[in-house]
Amino acid sequence: KTMGPLIMAIVLALPWLFVTVRKWKHDDTPIMAAGTPPTPANGEEEEEDDDPPPTHFQIHENVIDQFWYAVILLFFVVFPQVSVQSISAFNCQWLGDPSGKGYLAADWREICPLDDKGGFIYVWSVIFTILYPVGLPLALIIILEMFNVPSLSMDVINSARLKA
């Protein structure tokens with residue numbers, strides 16, 4: 001349950017990787033359709049679009065924007081469940097076992113990972129506890145700061161105050 005979101009993020013990264021490789025191979029020339037456009041049946045010329053065809057760079061930027069939107073949406077949807085799953089590995093119950101070992105509250109057949117600090121469940125839970133409940137909010141805060149979102153928000157608020 002904890003690897004699913006990472007696998008989905010990798011799958012979502014495939015279009016980004018594709019357009020990035022294509023961007024390296026092409027310059028910033030417009031992308032033209034192969035062949036000539038069909039002539040209208042009535043013989044009149046069609047009005048031409050004022051918009052020039054997109055460049056490789058513009059397509060690359062569009063795909064990047066959509067990639068980040070999809071990844072952030074994915075993590076927003078799965079964040080609560082994955083966080084609970086990763087932290088629940090530390091929810092142990094000590095039942096008065098003579099050996100003094102505790103058991104996972106979710107599955108009493110499993111020994112508490114806190115009693116086996118070198119075990120797979122403990123290491124896996126620590127990694128994903130750092131990655132999801134701690135790392136994801138921290139990464140989003142860093143991204144917001146990198147793109148200067150707090151000061152942009154303050155500019156919008158101040159602008160709205162001036163107009164009011």
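Counting from 1, the numbers follow the sequence of the chain as shown. These numbers were taken from a predicted model, which means no experiment stands behind them.
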Spatial distance of atom [atom1] ([X]) from atom [atom2] ([Y]) [nearest 0.5 Å]:
| X | Y | atom1 | atom2 | value |
| --- | --- | --- | --- | --- |
| I130 | L138 | CD1 | CG | 11.5 Å |
| F67 | L14 | CZ | CG | 9.5 Å |
| R161 | M154 | CZ | CE | 5.5 Å |
| Q85 | T129 | CD | OG1 | 11.0 Å |

Reference residue P113; test side-chain contact (heavy atoms from CB on, under 4.5 Å); the match among F120, W124, Y122: Y122
Test log, rule side chain to side chain contact (heavy atoms under 4.5 Å, CB included), inputs W94 and Y103: CA-CA 6 Å; W94 284 266; Y103 295 92; over 6 Å; no
Is it the case that one hydrophobic cluster holds both [X] and [Y], taking links as side-chain heavy atoms less than 4.5 Å apart, direct or via other members?
| X | Y | result |
| --- | --- | --- |
| L74 | L131 | yes |
| I87 | L114 | no |
| I7 | F79 | yes |
| V126 | V134 | no |

Ignoring hydrogens and geometry, is there a side-chain-to-backbone donor-acceptor pair from S159 to D155 under 3.5 Å? no
Close side-chain approach of V149 to S153, heavy-atom, < 4.5 Å: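 V149 vs S153: side chains touch.
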Within-4.5 Å side-chain heavy-atom neighbours: N148 and S151: yes
Donor + acceptor pair across side chains of N91, S88 (<3.5 Å): no
Indicate the atoms forming the closest heavy-atom contact of [X] with [Y], along with that distance.
| X | Y | value |
| --- | --- | --- |
| L104 | A89 | CD2-O, 3.2 Å |
| D115 | K101 | OD2-CA, 3.3 Å |
| V123 | G118 | CG2-O, 4.2 Å |

Can we call the ring centroids of Y132 and F128 under 6.0 Å apart? yes
Begin with the C-alpha distance, continue with both residues' side-chain angles, and end with the deciding distance and a verdict on side chain to side chain contact (heavy atoms under 4.5 Å, CB included) for F75 and L140. CA-CA 11 Å; F75 284 135; L140 292 175; over 6 Å; no
